[in-house]
Number of protein chains: 2
Amino acid sequence: MAQGKKSTIKDVAREANVSISVVSYVLNASAKKSITPETRERVLAAASRLKYVPNHAASGMRRNRSMVIGVVSYWELDGMVFTDMLRGIMREAAGSGYRVMLCHKDSQADDKAYLDYYKERSVDGILFISPHESLGLIDEADHIRLMRESGVPFVMMNGSTNDPDVSYVNVDYHASVYLAASHLIGKGHKEIAYAAPMNLRYRELTSRLQGYRDAMAEAGLPERCVDPAELRDCLPELRAVVANKSDTGHAVLEAARVLGIAVPDQLEVIAANTESYSAYLCPPLSTVRIPAERMGEMAVEMLLRRIDGQGVPEVRTPTCTLELRQTCR
Amino acid sequence: MAQGKKSTIKDVAREANVSISVVSYVLNASAKKSITPETRERVLAAASRLKYVPNHAASGMRRNRSMVIGVVSYWELDGMVFTDMLRGIMREAAGSGYRVMLCHKDSQADDKAYLDYYKERSVDGILFISPHESLGLIDEADHIRLMRESGVPFVMMNGSTNDPDVSYVNVDYHASVYLAASHLIGKGHKEIAYAAPMNLRYRELTSRLQGYRDAMAEAGLPERCVDPAELRDCLPELRAVVANKSDTGHAVLEAARVLGIAVPDQLEVIAANTESYSAYLCPPLSTVRIPAERMGEMAVEMLLRRIDGQGVPEVRTPTCTLELRQTCR
DNA sequence: CTGTTAGCGCGTTCAC
DNA sequence: GTGAACGCGCTAACAG
């Protein structure tokens with residue numbers, strides 16, 4: 001029953017008739033120390049008999065490592081990208097013996113409470129997930145500056161500041177749209193419009209737009225950009241649309257429905273990201289899938305290297321893939 | 001610049017010309033110790049000057065409290081309920097000075113790796129989120145038994161085992177469907193069907209069904225249950241449908257579209273839960289909203305009381321609310 | 001009443 | 001293979 005009592009290294013030492021340090025050596029498989037196989041066995045047996053689990057806090061204090069990484073997200077918690085990232089982060093962290101702690105940021109928009117997580121030794125490093133830039137609600141450079149000053153190892157996910165001394169794992173916005181446009185080009189379309197808000201204040205939006213432009217230019221095709229608000233007017237003239245995101249894709253499908261345009265027969269549509277609802281649209285929206293889970297894994301790998309003092313700043317942007325459904329085959 | 005060096009309680013003591021213990025007394029506002037306001041000020045000033053942040057690991061070890069709660073989720077990470085819960089958990093935990101750690105469960109379906117989080121003092125208690133029961137992929141009673149044996153304070157979220165010695169924060173499945181059906185009844189509908197898989201092995205499904213039955217019985221109306229697979233055949237006869245979940249709601253809308261049935265004019269639909277895609281269906285699906293964020297807050301409150309040794313086992317099921325969109329006003 | 005000394009909690013690691 | 005210092009903060013017991 002409620003066994004409660006946790007056993008310590010001392011208990012194991014006593015049980016195995018050895019000194020505390022031997023237990024430590026055996027359990028940590030210290031390379032420099034050679035322990036008699038026989039003693040080793042005694043210790044291992046004692047440990048398992050007592051269901052010994054090392055006190056993480058204590059060992060962390062000694063080695064000055066908490067074996068925990070912090071995740072601070074300005075990205076919406078719902079939404080497929082965050083949850084996918086989280087899965088990747090969890091898997092990779094667990095595989096490396098690290099735990100994952102969610103860092104809160106205090107309600108104030110400008111608060112950096114998460115920095116204390118490092119100062120108080122609760123985390124060894126931080127994975128910082130920037131919001132969709134289209135929201136433009138944080139000063140990323142400022143966060144970077146403060147993290148630098150506090151000395152915390154960190155990796156930016158979905159970052160936009162192009163700081164050469166910082167590690168980034170980014171979404172390949174350019175490629176996501178390039179891929180979508182290329183697919184339509186490959187299907188023989190000559191007139192492919194790009195539907196997206198034409199606000200170019202954020203890198204996310206400019207990168208995506210550029211992806212469209214590059215694809216069209218390489219194919220020698222004319223560009224045509226459409227703002228979601230104007231869809232009702234120009235949709236009848238179009239045969240193929242790349243939407244910057246699934247919400248725009250949704251707007252396109254809505255407009256098509258109202259106008260009586262059949263999708264995909266009269267109009268093909270691809271959106272450059274996947275949301276949890278993409279598959280539920282009517283008809284199910286073809287998309288480009290952002291490899292967020294893989295991004296999470298990569299970010300952890302990079303962060304652990306930085307924590308170890310190895311690894312130099314680098315930028316990685318894993319490639320997207322097509323996820324075709326009904327609105328475009 | 002990279003200031004790195006973290007200051008310790010010793011540094012503060014030296015800076016303020018007092019002993020270590022005084023610093024501790026001041027910073028922890030120890031009731032039993034009265035410190036001269038003047039000394040107090042000196043300490044406070046020194047601490048803020050040095051940007052002192054207590055070493056969480058060290059203090060935790062001494063007080064035998066990590067000030068961290070663990071979250072282990074068998075619920076899908078995507079999906080609105082989990083992310084909503086997470087938000088509530090984070091807010092409430094932060095407000096009480098607690099941190100949140102995500103506990104992994106090792107890939108093996110039957111692994112209880114998360115128990116080590118408590119044994120190694122990484123967490124003071126656990127919030128256990130059960131999966132949709134319809135998935136039926138864990139042995140909840142077994143998890144409860146093991147958590148009990150390990151002595152970890154815990155609260156079950158969305159639990160189904162009806163153990164009187166355990167604290168639960170549950171989804172009010174019964175009320176969610178009851179509410180949806182009552183709304184349709186209030187609108188004057190006489191024939192209201194219930195669309196759901198008719199598998200009754202899981203409490204989630206039976207509770208929902210019972211909610212429908214109770215609402216109908218109280219209004220003296222006849223029951224009519226429909227399996228999602230049979231929708232195409234019987235939908236033309238129906239004027240109002242309660243769907244157990246949004247995915248069934250989606251199936252109803254799909255069938256209606258294929259059959260040329262206008263929603264909501266010829267057919268009204270409400271689903272008894274909200275998913276991130278509910279609003280994106282065509283037309284946007286009216287739903288019942290599960291107060292998952294509130295559930296997260298409540299669960300943390302209850303868990304903290306249990307950690308403190310106060311608080312007795314209790315079951316709480318916060319009430320759902322209507323979230324009307326287009327498929328039913 | 002204010003402040004100090006000393007030991008503790010638990011595991012790591014160096015010197016013997 | 002052992003002993004003991006150490007990391008950092010908390011707090012009981014003690015001194016001024």
Using the closest heavy atom to pick a nucleotide of DNA chain C for each, name whichever of B:S59 or B:I35 lands nearer the 5' end.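 Closer to the 5' end of DNA chain C: B:I35.
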Residue pair A:M61/B:N17 against DNA chain C: nearer the 5' end by closest nucleotide is B:N17
Take the protein atom [atom1] of [X] and the nucleotide atom [atom2] of [N], then report the distance between them rounded to whole Å.
X: B:E38; N: C:dC1; atom1: CD; atom2: C1'; value: 15 Å
X: B:I9; N: C:dT4; atom1: CD1; atom2: P; value: 12 Å
X: A:K32; N: C:dT12; atom1: NZ; atom2: P; value: 14 Å
X: B:K33; N: C:dT5; atom1: NZ; atom2: P; value: 13 Å
X: B:E120; N: C:dG11; atom1: CD; atom2: C1'; value: 13 Å
X: B:N64; N: D:dG9; atom1: CG; atom2: P; value: 18 Å
X: B:M67; N: D:dG9; atom1: CE; atom2: C1'; value: 15 Å
X: B:R14; N: C:dG3; atom1: CZ; atom2: C1'; value: 18 Å

Measuring to OP1 and OP2 of [N], would you say a side-chain N or O of [X] lies under 4.0 angstrom away?
X: A:S24; N: C:dT12; value: yes
X: A:N28; N: C:dT12; value: yes
X: B:R62; N: C:dG9; value: no
X: B:R121; N: C:dC10; value: yes
X: B:S21; N: D:dC10; value: no
X: A:Y25; N: C:dC14; value: no

Would you say B:R40 has more than 12 foreign heavy atoms packed within less than 6.0 Å of its CZ? no
Assign [X] to base, sugar-phosphate, or nothing according to its heavy-atom contacts below 4.0 angstrom with the strands shown.
X: B:V18; answer: sugar-phosphate
X: B:S19; answer: base
X: A:I20; answer: base

Does the side chain of B:V23 reach to within under 4.5 Å of the side chain of B:V18, using non-hydrogen atoms? yes
What I want to check is whether the side chains of A:E120 and A:S122 have a donor and an acceptor closer together than 3.5 Å. yes
Does any N or O in the side chain of B:D308 come within less than 3.5 Å of the main-chain N or O of B:Q310, such that one atom is a donor and the other an acceptor? no
With a 4.0 Å cut-off on N to O distance, would you call B:R305 and B:E314 a salt bridge? yes
